[in-house]
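Encoded as structure tokens, the structure appears first; notes follow it.
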Amino acid sequence: MPRAIVVVHDLFDEIEAFYSIYRLMEMGLEVKVASTEIREFRGKNWSASLSPELRVSDTLGERWDLAVFPGGYAPDRLRRYEEVKDLARLTVERGGVLVSICHAAWIVISAGLARGRRLTGSRGVWDDIRNAGGIVVDEPYVEDRGVVSTRSYRDFPVFWPRLESRLRELGIIRPAAAPSP
């Protein structure tokens with residue numbers, strides 16, 4: 001079964017995190033939530049919390065088909081941890097897909113993966129992408145060498161179907177079953 005890891009920290013975007021978790025489950029992936037420590041993490045709107053099952057540091061020896069980083073203010077905290085940057089780099093190096101939503105472009109940048117890559121994210125990170133040598137693209141779905149990015153949850157109606165299609169092309173998830181006659 002293909003596996004995905006969704007990484008959160010305090011002040012994660014609730015919509016982006018929960019939608020990602022459930023959408024990945026609907027696509028047939030085993031989904032694990034991880035963070036820098038095991039405790040309850042609050043969303044940015046204080047409307048929900050998540051308790052990770054795994055520490056990021058304990059996942060680095062494993063191959064993940066997808067590593068998903070929701071936005072909010074959590075990416076600014078997460079990018080300070082070497083193990084988080086390692087996870088981002090290792091996911092791409094091992095042939096997985098790194099998914100950056102909204103402000104999670106900060107993790108792509110801090111992991112040293114932005115230079116020469118086409119990326120998107122919240123307008124608030126566009127200067128950071130450019131300053132890190134990335135190429136800002138104002139589109140709902142941007143893919144470049146194992147990194148897939150989107151601007152925000154508002155892009156999800158376009159983003160998730162395109163990501164699902166790409167994961168099928170890559171063989172990460174099975175092709176859709178033909179409809180019954």
Side-chain angles (χ1 to χ4, degrees), residues 1-8 12-34 50 53-54 56 59 62-72 74-75 78 84 87-109 111-126 129 132 134-181:
M1 174 180 277
R3 299 178 337 133
I5 187 169
V6 178
V7 184
V8 298
F12 65 89
D13 185 287
E14 294 94 337
I15 294 172
E16 294 169 359
F18 284 101
Y19 192 102
S20 297
I21 290 166
Y22 290 115
R23 189 69 181 92
L24 293 166
M25 290 169 60
E26 288 172 351
M27 287 190 269
L29 282 90
E30 175 187 350
V31 180
K32 299 291 184 184
V33 176
L50 278 168
E53 306 159 75
L54 303 167
V56 171
T59 70
E62 302 177 50
R63 184 190 182 280
W64 296 93
D65 295 294
L66 273 90
V68 179
F69 292 93
L78 285 167
V84 171
L87 175 64
R89 284 188 293 269
L90 289 169
T91 298
V92 173
E93 288 171 12
R94 293 173 177 162
V97 176
L98 174 63
V99 176
S100 167
I101 302 170
C102 199
H103 283 77
W106 280 332
I107 294 167
V108 177
I109 292 164
L113 297 170
R115 183 165 303 286
R117 270 199 171 86
R118 297 172 68 246
L119 295 167
T120 197
S122 165
R123 278 192 196 277
V125 299
W126 286 7
I129 292 170
I135 302 153
V136 174
V137 180
D138 187 10
E139 294 176 9
Y141 178 95
V142 178
E143 179 182 355
D144 192 338
R145 292 173 286 144
V147 177
V148 177
S149 54
T150 190
R151 297 173 296 200
S152 80
Y153 65 84
R154 289 179 185 90
D155 288 332
F156 281 4
V158 172
F159 176 78
W160 281 103
R162 290 199 50 197
L163 179 60
E164 181 175 2
S165 176
R166 183 63 178 137
L167 296 177
R168 289 187 197 292
E169 290 171 8
L170 294 171
I172 292 173
I173 58 175
R174 289 183 284 166
S180 300

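Keep in mind that this is a model prediction, so the values were computed, not measured.
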Problem - Thr91: side-chain contact (heavy atoms from CB on, under 4.5 Å) partners, not counting sequence neighbours - result: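 Residues passing side-chain contact (heavy atoms from CB on, under 4.5 Å) with Thr91: Ala67, Leu87.
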
Handout entry: Pairing residues for Pro140 by the side-chain contact (heavy atoms from CB on, under 4.5 Å) criterion, not counting sequence neighbours
Key = Arg151, Asp155, Val158

Problem - Stepwise side chain to side chain contact (heavy atoms under 4.5 Å, CB included) check, Val97 with Asp65 - result: CA-CA 6 Å; Val97 176; Asp65 295 294; over 6 Å; no

May I ask you to test the [X]-[Y] pair for a side-chain heavy-atom distance under 4.5 Å?
X	Y	value
Val6	Phe69	no
Ser152	Ser122	no
Trp160	Thr150	no
Ile101	Ser149	no
Leu66	Leu167	yes
Val92	Leu90	no
Val108	Val147	yes
Ile5	Val68	no

Distance in Å, [X] [atom1] paired with [Y] [atom2], rounded so as to fall on 0.5 Å steps:
X	Y	atom1	atom2	result
Ser20	Phe156	OG	CZ	4.5 Å
Leu24	Lys32	CG	NZ	13.5 Å
Ile129	Thr120	CD1	OG1	6.0 Å
Leu78	Phe12	CG	CZ	11.0 Å
Arg154	Cys102	CZ	SG	8.5 Å

Practice task
Can you sort out the partners of Arg23 under salt bridge (charged side-chain N to carboxylate O under 4.0 Å, His left out), two or more places apart, ordered by chain and number?
Solution key: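 For Arg23, the residues satisfying salt bridge (charged side-chain N to carboxylate O under 4.0 Å, His left out) (neighbours in sequence not counted) are Glu26, Glu164.
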
Side chain of [X], backbone of [Y]: donor and acceptor closer than 3.5 Å?
X	Y	answer
Trp126	Gly121	yes
Glu16	Gly71	yes
Glu53	Val33	yes

Exercise for the section: Could you list the residues that satisfy ring-ring contact (aromatic ring centres under 6.0 Å, His included) with Tyr141, not counting sequence neighbours? Expected result: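 Counting only residues at least two positions away or on another chain, Tyr141 forms a ring-ring contact (aromatic ring centres under 6.0 Å, His included) with Phe159.
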
Exercise for the section: Take Arg3 and Glu62 through the side chain to side chain contact (heavy atoms under 4.5 Å, CB included) test and state the conclusion after the steps. Expected result: CA-CA 10 Å; Arg3 299 178 337 133; Glu62 302 177 50; 2.8 Å; yes

Problem - Heavy-atom closest pair, residues Pro75 and Pro70 - result: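 Where Pro75 meets Pro70 most closely, the heavy atoms are CG-O, 3.4 Å.
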
Please list every donor-acceptor pair under 3.5 Å in which a side-chain atom of residues 111-119 meets a protein atom from a residue at least two apart or in another chain.
{"from": "Arg117", "atom 1": "NE", "to": "Asp144", "atom 2": "O", "distance (Å)": "3.0"}
{"from": "Arg117", "atom 1": "NH1", "to": "Leu113", "atom 2": "O", "distance (Å)": "2.8"}
{"from": "Arg117", "atom 1": "NH2", "to": "Arg145", "atom 2": "O", "distance (Å)": "2.8"}

Exercise for the section: Kindly determine whether Leu98 and Val148 satisfy side chain to side chain contact (heavy atoms under 4.5 Å, CB included), including the steps that lead there. Expected result: CA-CA 6 Å; Leu98 174 63; Val148 177; over 6 Å; no

Exercise for the section: Indicate, with yes or no, if the rings of Tyr19 and Tyr153 have centres closer together than 6.0 Å. Expected result: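 Ring-ring flag for Tyr19/Tyr153: false, centres at least 6.0 Å apart.
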
Handout entry: Contact list for residues 87-106, test salt bridge (Lys or Arg N to Asp or Glu O under 4.0 Å), sequence neighbours left out
Key = Asp86-Arg89

